[in-house]
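Take a look at the structure below.
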Amino acid sequence: MDFELTEEQRAFAQTARDFAQAELTPHAARWDAEGIFPREAIAKAGELGFCGLYAPENAGGLALPRLDATLVFEQMAAVDPSTTAFITIHNMATWMLGTWATDAVRAQWGPALCAGEKLASYCLTEPGAGSDAASLKTRARREGGDYVINGGKAFISGAGSTDVLVLMARTGDAESGAGGISAFVVPAQAEGIHYGKKEEKMGWNSQPTRQISFDNVRIPADHLLGREGEGFKIAMKGLDGGRINIATCSVGAAQGALDHARAYMHERKQFGQPLASFQALQFKLADMATELVAARQMVRLAATRLDAGAPDASTVCAMAKRFATDAGFNVVNDALQLHGGYGYIREYPLERLLRDARVHQILEGTNEVMRVIIARRLLQGDALDFLQ
């Protein structure tokens, strides 16, 4: 095993760090406070290839390994987890379109999405189907050369401000379960699509979140991704990468918070000494750094397994998502505590990092569902081989 990054990987990370400092750091607090969706900044990320990191080359993407993508996302999330998280969702939807779309649809949307000129939302969750994605009720009915879509989606990132929707809908009967779900590319402004109010959220305020309703929305049949009935499989493949992405955003937020905490401990004095001189706080900082490194290595392990097509990649992705989002939130929370009252006010970025990181424990499958996935694998007969 080689834990060292290559020179090329380090260059990707440095490019992302430079971009984050130039384009995200000066504006992230204002975007959060005013609820601004920074399409211009995301387009600049697209100019660097960050909007199509692992999308296939024939769609305009870089086709990078998932491991390399984590290096980019982590650097941006250290400054702005909210905007970075949207970019990761866009990457996932773009990868799905680039991988499973027809040649015509891929050519229509792929290059613009990979360049950040157009943006994508991922539509899986429904008001009554969150963690139990196989129970979704939005329907797509074949009518001649079209599909007609009816139903609704909830908690959709970017909804109302993006250009294309990657949508999961039921093409089988009501009892068809996971095998009756198909995936589609839907133009975001198609007739019959209606967007709900912009949700007021605890964090992730630089990206809008809305419900979407579909009322006899008609799309050409060639907007199907893959074949009928493959939608759930496509969704789960997407979520393996999505879980790594969100875990990476937590690692990035934790790294950003740790950096602020280190600097603050040297600057702030109490009882005539800098905070860095108190052993109890030194121990706290040491524990934070240890948890951060463990989370980062867990995420990179999962990304490497996914890149290799390992049979247990989904389980390791679930482990990484569970561990990194919990550990990342705890590191940010401890960093806020080290700042005392200053950590609680918006002059410092800690409270924003904390609010943004909290939702990572919920989306892409709650951490309770991650435990279910892991436990099911552990209870199989060859679990010992898997663990070693």
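Here, residue 1 is the first one in the sequence, and each next residue gets the next number. The structure displayed is predicted, hence computed values, not measured ones.
Using a 4.0 Å cut-off between a side-chain N of Lys or Arg and a carboxylate O of Asp or Glu, D326 and R371 qualify as a salt bridge. Looking at K44 and E23, a side-chain N of the basic residue comes within less than 4.0 Å of a carboxylate O on the acidic one, giving a salt bridge. Remark: D287 does not engage K284 in a salt bridge, criterion side-chain N to carboxylate O under 4.0 Å. Under 4.0 Å is where a charged nitrogen must lie from a carboxylate oxygen, and between E230 and R227 at least one such pair does.
Under a 3.5 Å cut-off, the side chain of K137 and the backbone N or O of A174 do not form any donor-acceptor pair. At distances below 3.5 Å, at least one donor-acceptor pair connects side-chain atoms of D163 with backbone N or O atoms of L119. In this structure a side-chain-to-backbone donor-acceptor pair under 3.5 Å is missing from D222 to A104. Although no hydrogens or angles enter the test, the distance criterion places a donor-acceptor pair under 3.5 Å between the side chain of R106 and the main chain of A101. Within the 3.5 Å criterion, the main-chain N or O of D173 finds a donor-acceptor partner in the side chain of S176. Proximity of a side-chain donor or acceptor of K201 to a complementary backbone N or O of Q207 within less than 3.5 Å is detected. With hydrogens and angles ignored, the 3.5 Å screen pairs no side-chain donor or acceptor of R243 with any backbone N or O of A318. Of the possible donor and acceptor atoms, one in the side chain of R39 sits under 3.5 Å from a partner among the backbone N and O of S161.
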Stepwise, does the salt bridge (Lys or Arg N to Asp or Glu O under 4.0 Å) test hold for D240 with K237? CA-CA 5 Å; D240 281 342; K237 285 182 178 292; over 6 Å; no
Given salt bridge (Lys or Arg N to Asp or Glu O under 4.0 Å), test E143 with R141 step by step and report yes or no. CA-CA 6 Å; E143 285 190 2; R141 183 181 71 257; 2.5 Å; yes
Side chain to side chain contact (heavy atoms under 4.5 Å, CB included), that's the test. Do N330 and E291 meet it? Break it down for me. CA-CA 9 Å; N330 290 337; E291 291 292 299; 6.0 Å; no
Assess whether salt bridge (Lys or Arg N to Asp or Glu O under 4.0 Å) is satisfied between R346 and E351, documenting all intermediate values. CA-CA 7 Å; R346 290 193 172 183; E351 59 85 30; 3.7 Å; yes
Evaluation steps, side chain to side chain contact (heavy atoms under 4.5 Å, CB included), between D80 and W31: CA-CA 10 Å; D80 187 352; W31 294 339; 3.4 Å; yes
Walk me through whether E175 and R170 qualify under salt bridge (Lys or Arg N to Asp or Glu O under 4.0 Å). CA-CA 10 Å; E175 306 303 321; R170 185 167 300 284; over 6 Å; no
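Note: T99 OG1 to L225 CG = 9.5 Å, rounded to the nearest 0.5 Å. Annotation: the span from Q108 atom CD to D103 atom CG amounts to 13.0 Å, rounded to 0.5 Å. W204 contributes atom CH2, which lies 10.5 Å from atom OG1 of T84 (distance to the nearest 0.5 angstrom). For the atom pair CG of L275 and CE of M265, the computed distance is 6.0 Å after rounding to the nearest 0.5 Å. In this structure, I149 CD1 and S213 OG are separated by 12.0 Å, a value rounded to the nearest 0.5 Å. Rounding to the nearest 0.5 Å places CG of D32 at 9.0 Å from OG1 of T83.
Using a 3.5 Å distance cut-off with no hydrogens or angles, the side chains of T325 and N367 do pair a donor with an acceptor. H360 and S250 share a donor-acceptor pair across their side chains, judged by distance under 3.5 Å alone. Judged by distance alone, the side chains of Y54 and D307 never bring a donor and an acceptor atom under 3.5 Å apart. Using modelled atom types and a 3.5 Å distance limit, the side chains of N333 and Q337 yield no donor-acceptor pair.
Taking hydrophobic clusters as Ile, Leu, Val, Met, Phe, Trp and Tyr residues chained together by side-chain heavy-atom distances below 4.5 Å, L136 shares a cluster with M236. I244 and L53 sit in two unconnected hydrophobic clusters of ILVMFWY residues. Membership requires side-chain heavy atoms under 4.5 Å apart, directly or through other members. By the criterion of side-chain heavy atoms lying less than 4.5 angstrom apart, applied directly or through intervening Ile, Leu, Val, Met, Phe, Trp or Tyr residues, F271 is grouped together with L281 in one hydrophobic cluster. A continuous path of ILVMFWY side-chain contacts below 4.5 Å connects F278 to Y342, so both sit in one hydrophobic cluster. The cluster map of Ile, Leu, Val, Met, Phe, Trp and Tyr, joined by side-chain heavy atoms under 4.5 Å apart, puts L167 and L363 in different clusters.
Proximity of T138 to N150: side-chain heavy atoms (C-beta onward) are nowhere separated by under 4.5 Å. You'll find the side chain of V217 stays beyond 4.5 Å of the side chain of E191, heavy atoms only. K197 places none of its side-chain heavy atoms less than 4.5 Å from the side chain of Q211. F86 places a side-chain heavy atom less than 4.5 Å from the side chain of H90. No side-chain heavy atom of F3 sits less than 4.5 Å from a side-chain heavy atom of L301. The shortest distance between side-chain heavy atoms of K198 and T209 does not fall below 4.5 Å. D312 places a side-chain heavy atom less than 4.5 Å from the side chain of R377. In this structure, the side chains of F329 and V332 stay at 4.5 Å or more apart for every pair of heavy atoms.
Annotation: cation-pi geometry satisfied between R66 and W95 (NZ/CZ under 6.0 angstrom from ring centroid, within 45° of ring axis). For the pair R142 and Y147, the cation sits on the ring face: its NZ or CZ lies under 6.0 Å from the ring centre, inside 45° of the axis.
With sequence neighbours left out, T88 forms a side chain to side chain donor-acceptor pair (under 3.5 Å) with no residue at all.
Taking each heavy atom of M92 and G238 in turn, the nearest pair found is SD-O, 3.1 Å. Summarising the geometry of Q361 relative to R358, their closest heavy-atom pair is OE1-NH1, 3.1 Å, with the distance given to 0.1 Å. Taking all atoms of both residues into account, the shortest heavy-atom contact from M168 to I234 is CE-CG2, 4.3 Å. The nearest pair of heavy atoms linking I193 to I212 is CG2-CG2, 3.7 Å. Nearest approach of M288 to L258, heavy atoms of both residues: CE-CD1, 3.9 Å. G172 and R139 get closest at one heavy-atom pair: O-NH1, 2.7 Å.
Note: H339 and Y264 have parallel aromatic rings, judged against thresholds of 30 and 60 degrees for the angle between ring planes.
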Using residues 67-78 as the side-chain source, report each donor-acceptor pair under 3.5 Å to any protein atom, sequence neighbours left out, with the distance given to one decimal.
from: D68; atom 1: OD1; to: Q9; atom 2: NE2; distance (Å): 2.9
from: T70; atom 1: OG1; to: L67; atom 2: O; distance (Å): 2.6
from: E74; atom 1: OE1; to: R296; atom 2: NE; distance (Å): 3.3
from: E74; atom 1: OE2; to: R296; atom 2: NE; distance (Å): 3.0
from: E74; atom 1: OE2; to: R296; atom 2: NH2; distance (Å): 2.6
from: Q75; atom 1: OE1; to: R17; atom 2: NE; distance (Å): 3.0

Output a table of donor-acceptor pairs, distance under 3.5 Å, between side-chain atoms of residues 178-188 and any protein atom two or more places apart or on a different chain; print 'none' if there are none.
from: S182; atom 1: OG; to: T171; atom 2: OG1; distance (Å): 2.7
from: S182; atom 1: OG; to: G229; atom 2: N; distance (Å): 2.9

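Shown here is Q279, whose CD atom has no more than 12 heavy atoms of other residues, nucleotides or ligands within 6.0 Å. Atom CZ of F37 sits in a crowded spot, with more than 12 heavy atoms from other residues, nucleotides or ligands closer than 6.0 Å. Atom CZ of R376 sits in a sparse spot, with 12 or fewer heavy atoms from other residues, nucleotides or ligands closer than 6.0 Å.
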